[in-house]
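See structure below.
We name chains A, B, ... by the order of the sequence lines, and we start the count at 1 in each one. The figures that follow rest on heavy atoms only: side chains count, while hydrogens, waters and symmetry mates do not.
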Protein chains: 2
Amino acid sequence: MTVTVSTTAVAADQHDQEFALLAKALGHPARVRILRLLLARDACYCGEIVDELPLAQATVSQHLKVLREAALIVGKIEGLHTCYWADRDRLGELHQLIGGLLAEAVDVNTDGCT
Amino acid sequence: MTVTVSTTAVAADQHDQEFALLAKALGHPARVRILRLLLARDACYCGEIVDELPLAQATVSQHLKVLREAALIVGKIEGLHTCYWADRDRLGELHQLIGGLLAEAVDVNTDGCT
DNA sequence: ATCGTTGATCGCAAATCAACGATGGCGCAC
DNA sequence: GTGCGCCATCGTTGATTTGCGATCAACGAT
């Protein structure tokens, strides 16, 4: 087991990695749109998502894959259709990560340059 | 002035655009690291950031540019040095955007597929 | 005026991403 | 079995990103 003494540089790096991974997955409007759609609808079929977006089926599938790899959404084959839904907790993780950043040293914001 | 009636599709698109823009800027570990560094230190010179990262000066400068373009950080030339600091409010915007997403329809999370 | 320092920018190479048509697997209907 | 609809994946194209050395502009010091 690794020592969990403090915010080691290594641990922080992994933090950054995780943060970046999540942020990157949401770094494209189409993917934000898809996630919003899934959050609003609780769950829906891939076809509905394709219908909703001005993109080819292959492209949407690609975006879904990126979101899946970031674990922001889950897909389950259901006979003919594939059902997708958002993992709210996973998005919550990103929310918390940012919250953690914002909490770091909240004090004077005036320019301490000079 | 535009009508602010409801969450128009167009407005939502702009929302997604903004969301993606911010997320994309944070979609690289080095940039997360830089932002963390600036948040922790309130403000610091470019050189210090370069020293802190295992990257060449040109690369760091490039990352700083991306963060600047996303308005997540601010840079001010100060004689020889350039002083950078984080815009906490801007990061807060992303935080809120995610919060807004999470708020959308918080109910049954069981699979409504079948 | 000529350095040395700082940091932004240019230009290049490698890697990755975005979008799409085409293909293929899989399940259902016949 | 054959055919069809759904969707993941492959392969290709063009655009963007990443990382870096080299260069350049601005500035302070000599």
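With a 4.5 Å cut-off on side-chain heavy atoms, B:R41 and B:E52 count as touching. The side-chain heavy atoms of B:L26 and B:L67, taken from C-beta on, include a pair separated by under 4.5 Å. With a 4.5 Å cut-off on side-chain heavy atoms, A:W85 and A:L38 do not count as touching. The shortest distance between side-chain heavy atoms of A:L94 and A:F19 falls below 4.5 Å.
The interatomic distance linking A:K24 (NZ) with C:dT16 (P) rounds to 8 Å, in whole Å. Atom CD1 of B:I34 is separated from atom C1' of C:dG7 by 13 Å (rounded to the nearest Å). Note: CD (A:Q57) to P (C:dT23) measures 15 Å, nearest angstrom. The distance from atom CD1 of A:I77 to atom C1' of C:dG27 is 10 Å, rounded to the nearest whole Å.
Heavy-atom contacts of chain B under 4.0 Å fall on DNA chain D between two terminal nucleotides, which in 5' to 3' order are D:dT17 to D:dC27.
In summary, B:E18 and B:R90 engage in a salt bridge, as defined by a charged side-chain N under 4.0 Å from a carboxylate O.
Across A:A86 and A:L39, no two heavy atoms sit closer than the pair CB-CD2, 3.8 Å. Scanning all heavy atoms of the two residues, the minimum distance from B:C44 to B:L37 falls at SG-CD2, 4.0 Å.
Ring geometry, B:H95 versus A:H95: the interplanar angle falls under 30°, so the pair is classed parallel (tilted spans 30 to 60°).
Comparing A:L80 and B:T59, the nucleotide of DNA chain D nearest to each residue sits closer to the 5' end for A:L80. Mapping A:A58 and B:V50 onto DNA chain C via the closest heavy atom, the residue that lands nearer the 5' end is B:V50.
A heavy atom lying under 4.0 Å from DNA chain D marks the following residues of residues 60-71 of chain B, by number: B:H63.
Connection of A:L53 to A:L64 is established within a shared hydrophobic cluster, with ILVMFWY side chains joined at heavy-atom distances below 4.5 Å, either directly or through further cluster members.
One finds no side-chain N or O of A:H28 lying less than 4.0 angstrom from the OP1 or OP2 phosphate oxygen of C:dC17.
If you check every strand for non-hydrogen atoms under 4.0 Å, A:L55 touches sugar and phosphate atoms only.
As the counterpart of C:dT2, D:dA29 is assigned, both hydrogen-bonding distances of the Watson-Crick or G-U wobble pattern falling under 3.5 Å.
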